[in-house]
Trainee: 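Take this structure, written in structure tokens, and hold onto it; I'll ask about it next.
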Amino acid sequence: MREYNPRVIEKKWQEIWEEKRVFEASNDMAKEKFYALIEFPYPSGQGLHVGHPRPYTAMDIVARKRRLQGYNVLFPIGWDAFGLPTENYAIKNKIHPRKVTEQNISRFKEQLKSIGFSFDWSREVDTTDPKYYKWTQWIFLKLFEKGLAYKKEMPINFCTSCKVGLANEEVVAGKCERCGSDVIKKVKNQWMLKITEYADRLIEDLETVDYVEKIKAQQINWIGRSTGVELDFRISGKDDALKVFTTRPDTIYGATYMVIAPEHPLIDKYNDIIENMDEISKYREYVSKKSDIERTELTKEKTGVEINGLKAVNPVTNKEIPIWISDYVMMSYGTGAIMAVPAHDSRDWEFAKKFNLPIIEVIKGGNVEEEAYTDTEQGIVVNSELINGLEVKEAIEKMSDWLEEKGLGKRTVNYKLRDWVFSRQRYWGEPIPLVHCDKCGWVPVPENELPVMLPDVENYEPTETGESPLANIKEWVETTCPKCGGKADRETDTMPQWAGSSWYFLRYVDPHNDKELASKEALDYWLPIDWYNGGMEHTTLHLLYSRFWHKFLYDIGVVNTPEPYKKRTSHGMILGENNEKMSKSRGNVVNPDDIVKEFGADTLRTYEMFIGDFEKSVPWSENGVKGCRRFLERVWRLQDIVVSGDSYTKELETNIHKTIKKVSEDYETLKFNTAIAALMSLLNDFNSHGKITTTDLKTFLILLNPVAPHITEELWQVCGLEGMLHDQNWPVYDEEKIKDDQIEMPIQINGKVRGTVVVPADSSQDMIKEKIEENENLMKYIEGKKIVKEIFVKGKIYNIVVK
RNA sequence: GCCGAAGUGGUGGAACUGGCAGACGCGCUGGACUCAAAAUCCAGUGGGGCUCAAACCCCGUGCGGGUUCGACUCCCGCCUUCGGCACCA
């Protein structure tokens with residue numbers, strides 16, 4: 001027997017697979033398809049780390065298994081290559097980001113290939129390729145055409161010293177990450193996408209897909225649909241009103257003051273009447289230095305300032321109430337103003353306590369002097385003329401009706417979800433294909449002129465004014481209006497990284513098409529994606545954005561499914577040996593190349609899957625890697641004990657069929673760790689007999705193949721089995737053969753296991769009772785006592801209750 | 001503060017739908033092989049009691065209660081850890 005040498009056999013089989021094009025999806029659309037998708041990587045400068053192969057191996061296992069089951073499998077790969085780190089690296093090292101991207105991609109490619117993933121490399125996609133981003137731009141134009149893209153004044157983070165716009169990630173504790181200077185909010189006119197228009201459908205259609213429950217919950221919470229009433233509170237003595245949204249119109253009688261966002265425009269409108277404008281301006285400044293997250297973190301102490309000189313009028317009591325500003329009210333949610341009901345809202349209660357504002361109980365049920373009573377399930381309305389004595393739910397309905405009748409308010413729906421800010425003042429992104437003409441406004445670049453190519457620039461730094469570096473290229477910016485032919489300027493903002501990743505899975509089905517983003521035929525055949533696995537961190541952005549784009553493409557007839565992904569699962573992170581997140585600074589990063597070199601790709605793959613519960617994060621362990629290598633060494637040595645024939649005992653045959661069932665099911669339910677454990681047990685079984693038959697060897701190798709594809713192919717060949725493993729069929733278990741003849745049944749006395757009896761699997765209660773009576777140890781608990789009850793679950797347990 | 005997930009041996013983790021807790025690995029201990037070591041193989045391994053040994057007994061799935069013939073699993077209350085967050089009115 002040769003020594004197990006993964007370096008040689010892994011390279012050998014990778015070459016054979018490539019040459020034979022084993023993993024290319026077939027164009028035979030008569031076959032049943034299976035589309036397995038992983039999140040395509042961002043090719044960073046650091047290269048792959050051991051976290052990457054975890055989800056890739058998982059989906060590779062499923063893809064390989066489905067191929068052996070006869071499916072036409074599409075398991076593609078590509079590069080999400082636009083983005084900030086590459087651009088920053090380019091700025092720092094004065095290398096074109098294109099060049100950096102190319103280098104990173106080739107490194108990633110080499111690494112991924114060495115692990116033996118069964119990707120269809122012929123369909124590789126790169127979001128920075130003009131042939132690709134032509135279609136990203138095309139989708140944007142369609143969105144624009146349908147009125148789903150619009151311009152809006154939005155604040156950006158702006159570094160006062162670098163004079164550049166910063167991403168949230170680049171702002172650390174209110175300071176610029178690079179230079180440490182103050183970061184301020186600068187208002188810019190930005191392109192926005194109306195994802196909110198799809199909010200209801202994004203919630204409703206979750207019912208039609210098979211996502212892990214926590215993903216659905218998180219998306220639903222993120223979209224945050226709530227129904228309520230929008231109503232006006234008049235400003236006393238002015239022909240003006242504060243619009244508020246409330247889900248609790250039943251508590252209006254308890255609204256004793258109002259709070260508006262510090263940024264609320266009403267403040268500026270009445271700045272000559274407001275008596276304490278200085279104090280207000282100071283508070284506004286204090287708030288403006290805080291990020292939204294900091295504003296939300298300020299949970300301990302409420303802050304705020306009363307607006308002196310302005311009062312609002314409660315529309316049901318007609319009483320004057322004060323107006324305050326506070327940072328707990330945000331301009332970005334609802335109307336930027338609230339009616340405060342301290343008796344029945346915790347935040348309002350805290351605020352009222354701090355500033356000594358009146359608390360009026362309008363729902364009976366708690367003690368509003370101690371804490372806010374927020375229960376909507378029980379409680380009777382009091383102190384509320386129109387609705388006294390009603391339950392909360394009835395009161396909400398009645399009050400809403402009344403407000404609508406009187407024209408004081410109307411029922412509305414509010415969402416937490418905000419529209420998608422689509423502009424970036426950056427170089428390394430897709431140019432937004434619009435032209436601004438003084439006469440015609442924003443005009444789309446004609447489709448036949450796409451792609452709008454990213455021009456070469458000298459300097460990738462954004463401009464002093466916060467414009468994109470593209471703004472400096474006069475000859476690129478200045479163009480003619482496609483509509484009137486007059487002078488016009490190109491949009492210089494680029495798209496966010498999310499753009500290219502919102503539709504990449506569509507391109508995979510027909511990646512070389514230069515007429516359409518993909519042919520109708522290919523889209524109809526391959527969609528929806530059967531299984532998409534990815535990280536939880538993408539739940540509310542990428543996953544939601546791509547669902548939104550897909551729904552839009554469905555509406556305009558490009559795709560034929562309203563949802564892109566039939567099934568979505570997620571994986572846990574791989575931590576360092578010290579149980580902390582892997583990072584350069586912590587010095588606990590493990591490079592998969594080293595593992596492949598020292599132990600082999602099959603060992604890496606096996607360990608990544610055996611490491612623990614796939615959905616949970618787990619620490620890396622070098623000893624665990626060794627254990628998996630040892631397992632594969634034992635598998636390798638099977639070649640010494642092969643004999644011809646079928647399973648030699650009934651028990652072994654049963655074990656084989658049980659393992660086929662277990663492994664087949666576990667691979668489909670993300671339980672790779674227990675699938676491998678079952679294969680280890682089966683191997684132990686073979687070894688304890690000191691032999692394995694060719695029939696059993698075949699089954700074993702096929703079952704293990706998706707996890708450790710190289711060693712199993714090699715053994716198939718070495719042992720002289722017919723053909724090649726990747727051409728075989730997935731084994732099927734026989735329901736009859738997984739049944740045990742004899743079982744060891746646990747016997748409980750008063751719920752405690754006191755022994756077992758060995759009986760035929762289908763024994764009746766009487767037969768087991770007989771066995772129990774033969775057992776002295778068991779009888780010693782029963783004799784002299786009265787049997788009160790006997791519980792018998794066939795094939796499972798026998799419990800005798802005595803007194 | 002809110003939302004979500006999770007707490008099981010020295011360790012990573014198993015345990016069907018409420019039915020023998022600790023599968024399979026790692027580590028550790030002992031043995032075989034070796035001049036020796038590594039590798040490999042064999043045996044043992046939750047804690048405690050009683051044993052030459054076995055049989056057997058008690059305790060044990062974050063904590064406190066509860067439901068049940070029977071609870072890692074279900075219910076109520078708490079504690080801790082991790083992840084997400086936009087004080088959502």
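Below, chains carry the letters A, B, ... as their sequence lines are ordered, and counting in each starts from 1.
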Trainee: Under 4.0 Å, heavy atoms only, any strand: does G224(A) hit a base, just the sugar-phosphate, or nothing?
Mentor: nothing

Trainee: With respect to the side chain of K214(A), which nucleotide from rG13(B), rG4(B), rA89(B) is positioned closest?
Mentor: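 Out of rG13(B), rG4(B), rA89(B), the nucleotide with an atom closest to K214(A)'s side chain is rG4(B).
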
Trainee: Just how far, in rounded Å, is P of rU68(B) from NZ of K752(A)?
Mentor: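 So the NZ-P distance, K752(A) to rU68(B), works out to 18 Å.
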
Trainee: Classify R225(A) by what it touches in the nucleic acid, base, sugar-phosphate, or nothing, heavy-atom distance under 4.0 Å.
Mentor: nothing

Trainee: As a test of reading the structure: which of rA89(B), rC41(B), rG13(B) is closest to the side chain of R634(A), going by heavy atoms?
Mentor: rC41(B)

Trainee: Is there a side-chain contact between Q219(A) and L206(A) in this structure, where contact means two heavy atoms from C-beta onward sitting under 4.5 Å apart?
Mentor: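 Side chain of Q219(A) against side chain of L206(A), heavy atoms only: contact under 4.5 Å found.
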
Trainee: Are E665(A) and K661(A) within salt-bridge range, i.e. N to O under 4.0 Å?
Mentor: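 Yes.
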
Trainee: Looking at the side chain of F610(A), which of rC41(B), rC85(B), rG12(B) is the nearest nucleotide?
Mentor: rG12(B)

Trainee: Taking only Lys NZ, Arg NE, NH1 and NH2, and the carboxylate oxygens of Asp or Glu, determine whether E397(A) and R411(A) approach each other closer than 4.0 Å.
Mentor: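 Salt bridge: yes.
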
Trainee: Return the nearest nucleotide to the side chain of T247(A); candidates are rC16(B), rA89(B), rC41(B).
Mentor: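 When the side chain of T247(A) is considered, rA89(B) is the closest of rC16(B), rA89(B), rC41(B).
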
Trainee: Heavy atoms only, 4.0 Å cut-off, all strands: where does N777(A) land among base, sugar-phosphate and nothing?
Mentor: sugar-phosphate

Trainee: Start at the 5' end of RNA chain B and walk down; is the nucleotide closest to K616(A) or to M745(A) reached first?
Mentor: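 On the 5' side of the pair lies K616(A).
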
Trainee: Applying a 4.0 Å non-hydrogen cut-off, can you work out what N799(A) is touching in the nucleic acid: base, sugar-phosphate, or nothing?
Mentor: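 Base contact.
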
Trainee: Using a heavy-atom cut-off of under 4.0 Å over every strand shown, decide if N684(A) touches base, sugar-phosphate, or nothing.
Mentor: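 Sugar-phosphate, no base atom in range.
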
Trainee: Could you tell me whether the phosphate oxygens of rC88(B), OP1 or OP2, come under 4.0 Å of any side-chain nitrogen or oxygen in R418(A)?
Mentor: no

Trainee: rG70(B) P sits how many Å from I747(A) CD1, rounded?
Mentor: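 About 17 Å, once rounded to whole Å.
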
Trainee: Is a side-chain donor or acceptor of W620(A) paired with a backbone partner of I611(A) at a separation under 3.5 angstrom?
Mentor: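 Looks like no, no N/O pair under 3.5 Å.
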
Trainee: Look through every strand shown and name the nucleotide pairing with rA15(B) as Watson-Crick or G-U wobble, where both distances are under 3.5 Å.
Mentor: none

Trainee: By the 4.0 Å heavy-atom rule, please label E615(A) as base, sugar-phosphate, or nothing.
Mentor: nothing

Trainee: Can you tell which of rA15(B), rG12(B), rC41(B) lies closest to the side chain of K671(A)?
Mentor: rA15(B)

Trainee: Which nucleotide, in any strand shown, forms a Watson-Crick or G-U wobble pair with rC35(B), with both distances under 3.5 Å?
Mentor: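 No nucleotide pairs with rC35(B).
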
Trainee: Looking at every strand, decide which applies to K661(A) at a 4.0 Å heavy-atom threshold: base, sugar-phosphate, or nothing.
Mentor: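 Touches nothing.
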
Trainee: Counting distance alone, no hydrogens or angles: does the base of rC26(B) have a donor or acceptor under 3.5 Å from a partner atom on the side chain of N623(A)?
Mentor: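 No, no donor-acceptor pair under 3.5 Å.
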
Trainee: Should D232(A) and K243(A) count as an ion pair when the cut-off is N to O under 4.0 Å?
Mentor: yes

Trainee: What contact category does I611(A) fall into here, base, sugar-phosphate, or nothing, at under 4.0 angstrom with non-hydrogen atoms?
Mentor: sugar-phosphate

Trainee: Go ahead and name the base partner of rC2(B); Watson-Crick or wobble counts if both distances stay under 3.5 Å, otherwise write none.
Mentor: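 WC or wobble partner is rG84(B).
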
Trainee: Heavy atoms under 4.0 Å, any strand shown: does S621(A) hit a base, just sugar-phosphate, or nothing?
Mentor: nothing

Trainee: If you take atom types as modelled and just measure distance, does the side chain of Q748(A) reach the base of rG19(B) with a donor-acceptor pair under 3.5 Å?
Mentor: yes

Trainee: Both distances under 3.5 Å, Watson-Crick or G-U wobble: report the partner of rA71(B), or none.
Mentor: none

Trainee: Could you tell me which nucleotide pairs with rC52(B) by Watson-Crick or G-U wobble geometry, both distances under 3.5 Å, or answer none if nothing does?
Mentor: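 Result: none.
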
Trainee: For the backbone of R225(A) and the side chain of N414(A), can you confirm whether one donor and one acceptor N or O come within less than 3.5 Å of each other?
Mentor: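 Absent.
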
Trainee: Looking at N533(A) and R568(A), would you say the former's side chain and the latter's main chain have a donor-acceptor pair under 3.5 Å?
Mentor: no

Trainee: Out of rC69(B), rC24(B), rC16(B), which nucleotide sits closest to the side chain of M680(A)?
Mentor: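 In terms of side-chain proximity for M680(A), the closest of rC69(B), rC24(B), rC16(B) is rC24(B).
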
Trainee: Of the candidate nucleotides rC24(B), rA15(B), rA21(B), which contains the atom at the shortest distance from the side chain of V753(A)?
Mentor: rA21(B)

Trainee: Which of the following nucleotides, rC88(B), rG84(B), rC20(B), is nearest to the side chain of Q218(A)?
Mentor: rG84(B)

Trainee: Tell me which nucleotide among rG13(B), rC20(B), rC85(B) gets nearest to the side chain of W222(A).
Mentor: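 Given the options rG13(B), rC20(B), rC85(B), the side chain of W222(A) is closest to rC85(B).
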
Trainee: rC69(B), rG13(B), rC26(B): which one has an atom nearest the side-chain heavy atoms of R630(A)?
Mentor: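 Among the listed nucleotides, the one closest to the side chain of R630(A) is rC26(B).
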
